[in-house]
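The block underneath contains the structure these notes are about, expressed in structure tokens.
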Amino acid sequence: MAKPKLLDRYRRELRVRHYSRRTEKSYVGWVRRFVRFHDMKHPKQLGSDDVARFLTDLAQFHNVSASTQSQAASALIFLYKRVLGIDMGWIDNVVRAKSSKRLPVVLTREEVKAILKQLDGVKRLIVSLLYGSGLRLLECLQLRVKDVDLSVCEIRVRRAKGDKDRITMLPLSIKEELTAHIASVEEQHRRDLAAGGGFVRLPDALERKYSNAAREWSWQFVFPATRLHSDANTEKRYRHHLHETAVQRSVKQAIRRTGITKHASCHTFRHSFATHLLEDGYDIRTVQELLGHSSVKTTMIYTHVLNRGGLGVRSPVDVL
């Protein structure tokens, strides 16, 4: 049997350690870019000095941010340590990209309300959850029916960033609308089952372990895609979740129609969720738990964008 190619081994190691597909795509991209930078030489022929030259080139000639350079370094360290079995240790002589402190963009409550008025249907419901529950866009789109508890207004976010689970609240104001939406999704699932479909992708190896789980109602996505896709190998017809670009496009158009000039996106609603909770006097540790931050330091950035103008300092011109 032929030995798996380097990138296939790389992907397998990432999946064994439960890295997200988005991280996998980024990491594989950095490995390819690293190999091209060194004229298609195999990474085994290269060492820490070659990694340092690549990372320095990113900072000096491509003006990447510090976080981007850090991600590239992590991808290459993972390659050498986990796939090639080489511990590179500390990589010296790297020109570091300049680290800049950026405050998140936050919408006012009036701006959130104006944007929601420009949306309708499923897109409005999704954005209401982004703002009302502090969800990331993919966290919302990947919600399964079993993770939404309407009886206690609670949402369980599974395998979020950093492969962590957490619990956040389900806004009471959209409970009735979400209940009706889930009922319509259940009816759609019944039609899929009757047509021989009704399959959904399951995490890890659960589909092999529980052969019938992929068709069970509890595992279905709360926000399913409008179209089915067929697996080329098994010929099973799957219904994935709604694609994130569909929501991103609608939100961008809604923001444009309101005339809001802030550089806002779907993620801005999560920033606004945290900031508005702190404005309302909720404890920062509570907000940290709802957001799923590992450190309270990450949550503290929202204390700098509270709606108090100049960090709560009264301008001298207002005293005149």
Side-chain angles (χ1 to χ4, degrees), residues 106-109 111-189 200 202-203 216-225 239-244 246-248 250-251 254 265-294 299 302:
V106 173
L107 298 165
T108 65
R109 298 169 200 262
E111 288 170 338
V112 173
K113 192 174 181 179
I115 293 170
L116 285 172
K117 282 184 178 179
Q118 297 296 324
L119 297 165
D120 54 25
V122 174
K123 308 292 176 53
R124 177 186 168 90
L125 185 56
I126 290 171
V127 173
S128 296
L129 281 172
L130 301 184
Y131 175 63
S133 304
L135 300 176
R136 299 177 178 91
L137 178 56
L138 272 179
E139 289 174 350
C140 183
L141 298 181
Q142 292 174 350
L143 283 176
R144 312 270 182 166
V145 171
K146 66 183 183 63
D147 297 326
V148 179
D149 193 332
L150 293 166
S151 62
V152 294
C153 289
E154 186 176 274
I155 294 174
R156 290 185 175 270
V157 183
R158 308 282 186 180
R159 298 185 62 183
K161 189 174 181 181
D163 199 25
K164 296 177 293 186
D165 294 353
R166 74 177 190 277
I167 296 175
T168 187
M169 69 274 211
L170 193 162
L172 288 171
S173 59
I174 64 171
K175 179 181 176 180
E176 186 176 341
E177 184 182 358
L178 184 59
T179 302
H181 168 76
I182 291 176
S184 69
V185 173
E186 186 174 15
E187 181 58 35
Q188 181 187 61
H189 179 58
V200 68
L202 300 181
E216 290 178 4
W217 164 236
S218 62
W219 280 101
Q220 302 302 307
F221 289 113
V222 174
F223 298 106
R239 192 178 289 278
H240 200 50
H241 61 71
L242 188 67
H243 200 274
E244 61 265 31
V247 183
Q248 290 166 340
S250 295
V251 168
S265 65
C266 290
H267 203 68
T268 306
F269 294 99
R270 177 174 158 89
H271 294 321
S272 304
F273 163 85
T275 304
H276 295 166
L277 283 181
L278 291 172
E279 281 181 351
D280 290 340
Y282 288 98
D283 180 72
I284 194 168
R285 293 284 185 181
T286 301
V287 178
Q288 176 195 354
E289 290 293 322
L290 293 172
L291 292 172
H293 289 161
S294 298
T299 317
Y302 298 109

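- Considering CG of L202 and CZ of R144, their distance stands at 6.0 Å, rounded to 0.5 Å.
- Scanning all heavy atoms of the two residues, the minimum distance from K164 to G292 falls at NZ-O, 3.0 Å.
- Distance alone, capped at 3.5 Å, places no donor-acceptor pair between the D280 side chain and the Y282 backbone.
- Nearest heavy atoms, T108 versus E111: N-OE1, 2.9 Å.
- Among all heavy-atom pairs drawn from A254 and Q118, the shortest one is CB-CB, 3.7 Å.
- When atom types are taken as modelled, the side chain of K175 and the backbone of L170 share no donor-acceptor pair closer than 3.5 angstrom.
- In terms of heavy-atom proximity, R239 sits nearest to A225 at NH1-O, 2.8 Å.
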* To do: Under the side chain to side chain contact (heavy atoms under 4.5 Å, CB included) rule, what do I174 and R124 come out as? Steps first, then yes or no, please.
  => CA-CA 10 Å; I174 64 171; R124 177 186 168 90; over 6 Å; no
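- No option in I126, V127, L135, L130 other than L130 meets the side chain to side chain contact (heavy atoms under 4.5 Å, CB included) test with C266.
- Q142 has its side chain out of reach of D147: every pair of non-hydrogen atoms, C-beta onward, lies at least 4.5 Å apart.
- Looking at S133, its side chain does come within 3.5 Å of a backbone N or O of M169 through a donor-acceptor pair.
- Residues F223 and L125 come closest through the heavy atom pair CE2-CD2, 3.9 Å.
- Side-chain contact between L129 and E139 is absent, with no heavy-atom pair separated by less than 4.5 Å.
- Using a 4.5 Å heavy-atom cutoff, the side chains of C140 and V157 are not in contact.
- The main-chain N or O of L107 is found under 3.5 Å from a side-chain atom of H276 such that the two form a donor-acceptor pair.
- Distance CG/L277 to OG/S272: 10.5 Å, rounded to 0.5 Å.
- Residue K113 places its NZ atom among 12 or fewer non-hydrogen atoms of other residues, nucleotides or ligands, all under 6.0 Å distant.
- Of the inter-residue distances, the one linking E244 atom CD with L141 atom CG reads 7.0 Å to the nearest 0.5 angstrom.
- Taking the centre and axis of the six-membered ring of Y131, the NZ or CZ atom of R270 falls outside the cone set by 45° and 6.0 Å.
- Scanning all heavy atoms of the two residues, the minimum distance from F273 to G132 falls at CE1-O, 3.6 Å.
- Under a 3.5 Å cut-off, the side chain of H181 and the backbone N or O of V222 do form a donor-acceptor pair.
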* Under the side chain to side chain contact (heavy atoms under 4.5 Å, CB included) rule, what do V200 and H241 come out as? Steps first, then yes or no, please. => CA-CA 9 Å; V200 68; H241 61 71; over 6 Å; no
* **V145/H189 under side chain to side chain contact (heavy atoms under 4.5 Å, CB included): CA gap, chis, key distance, verdict** => CA-CA 12 Å; V145 171; H189 179 58; over 6 Å; no
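- Counting heavy-atom neighbours within 6.0 Å of E176 CD, excluding the residue itself, gives a total of 12 or less.
- Under the 3.5 Å distance criterion, the side-chain polar atoms of R158 are left unmatched by any main-chain donor or acceptor of D165.
- In this structure, the side chain of E154 does not engage the main chain of L150 through any donor-acceptor pair within 3.5 Å.
- We find the CZ-CD1 distance between R166 and I155 to be 9.5 Å, quoted to the nearest 0.5 Å.
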